[in-house]
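A short write-up of the structure that comes next.
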Amino acid sequence: MVMIETPDRMPLPRAFFDRPVLEVAPELLGRVLVARTPAGTVELLLTEVEAYDGETDPGSHAFRGPTARNAVMFGPPGHAYVYFTYGMWHCMNVVCGPEGRASGVLLRAGRVTRGEETARKRRVSARKDTELAKGPARLATALGIDRTLDGVDLCSGPQSPLSLLAGAPASADLVRSGPRTGVGGGGAHQPWRFWVDGDPTVSPYRAHAPRKRRS
DNA sequence: GTACAGATCGTCT
DNA sequence: GACGATCTGTACC
């Protein structure tokens, strides 16, 4: 089947991402992320995101300045920042704001709209389709995202392994926001999290609990 | 439904 | 050497 490239399937322009992260984050809901890998193409409609600002948020990977890992966050907007965590998982951010301002949006959950078979092979433990990308590490797993995609330009066309399509933004009356907990600093009361109300693919909220030490 | 422990390793202190 | 922008299975209500 031939996919016709209609305007809603054009990548979002770089200018979209070159704005304050708290403006960009809610407008990412409803957009479509395309992951093109050798195993197949998977598309996902974003239903939950979380904003991070390296200058005000101690929870941001960029808060303590640039390192080899977070270098992409300090680069131009519209690129993917992919990191590895807990020894097992990958998570993906979209770099926002002007170059030098290390802010980004963590993609927390979405609904797979194309390539479900490929996603299912990667997410064997998912019992329902709504669990394929419910949570940031599950989302990255379902799409086959790893560190090799760190720094990929999301604004370029079908030749790129990752694209973020204009799609249709989620209806504003369905967008909800809320603060993260356990975060101090200047932006503690900012609404960092955004999600589509009532969507079954939104990951349940859990306050961050410090891990107990191993014996 | 909620609560907890264990997995597992890159990154930073 | 400590811990993490997490997930999963098991236990229990």
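All values below come from the heavy atoms of this structure, side chains included, with hydrogens, waters and symmetry mates left out. All chains are named by letter (A, B, ...) in the order of the sequence lines, taking the proteins before the strands, and each is independently numbered beginning at 1.
- For A:Trp89 and B:dG6, the CH2 to C1' distance is 12 Å, given to the nearest whole Å.
- Rounded to an integer number of Å, the gap from CZ of A:Arg108 to C1' of C:dA5 is 7 Å.
- Ring geometry for A:His61 against A:Tyr81 counts as perpendicular: the plane angle is over 60°, on a 0 to 90° scale with 30° as the lower cut.
- Taking a cutoff of 4.0 Å between a charged side-chain nitrogen and a carboxylate oxygen, A:Arg101 and A:Glu55 qualify as a salt bridge.
- Look at CG on A:Leu106: it is 6 Å from C1' on C:dA5, rounded to the nearest Å.
- Straight-line distance from the OH atom of A:Tyr86 to the C1' atom of C:dA2: 13 Å, rounded to whole Å.
- Remark: C1' of C:dC7 and CG of A:Leu139 are 14 Å apart, rounded to the nearest angstrom.
- Salt-bridge formation is not detected for the pair A:Arg69/A:Asp150: no Lys NZ or Arg NE/NH1/NH2 atom is positioned less than 4.0 Å from an Asp or Glu carboxylate oxygen.
- Proximity of a side-chain donor or acceptor of A:Arg122 to a complementary backbone N or O of A:Ala142 within less than 3.5 Å is detected.
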Base-pairing string, 5' to 3', of DNA chain C - Watson-Crick or wobble, under 3.5 Å, | interstrand | ||||.|||||||.

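- Look at A:Arg111 and A:Asp129 and you find no salt bridge, because none of the NZ, NE, NH1 or NH2 atoms lies under 4.0 Å from a carboxylate O.
- An OP1 or OP2 oxygen of C:dT8 is reached within less than 4.0 angstrom by a side-chain nitrogen or oxygen of A:Arg138.
- Taking every heavy atom of both residues into account, A:Cys96 and A:Val105 meet most closely at SG-CG2, 3.8 Å.
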Tabulated below should be each protein N or O lying under 3.5 Å from an N or O of nucleotides 11-13 of chain B; please produce it.
unit_1: B:dC12; atom_1: OP1; unit_2: A:Thr67; atom_2: OG1; d: 2.3

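- Side-chain atoms of A:Thr141 never come within 3.5 Å of backbone atoms of A:Arg123 as a donor-acceptor pair (strictly under, hydrogens ignored).
- A:Phe16 carries A:Arg19 over the face of its six-membered ring, with the cationic atom under 6.0 Å from the centre and within 45° of the normal.
- A:Arg114 places no side-chain N or O within 3.5 Å of a backbone atom of A:Val42 that could act as its donor or acceptor partner.
- Looking at heavy-atom distances under 4.0 Å, A:Arg123 makes contact with sugar-phosphate atoms alone, never a base.
- Atom CE in A:Met88 sits roughly 12 Å away from atom P in C:dG9 (whole-Å rounding).
- Interface remark: the A:Tyr83 side chain does form a donor-acceptor pair with the C:dA5 base, using a distance-only criterion of under 3.5 Å.
- Counting to the nearest Å, the P atom of C:dA5 and the OH atom of A:Tyr81 are 9 Å from each other.
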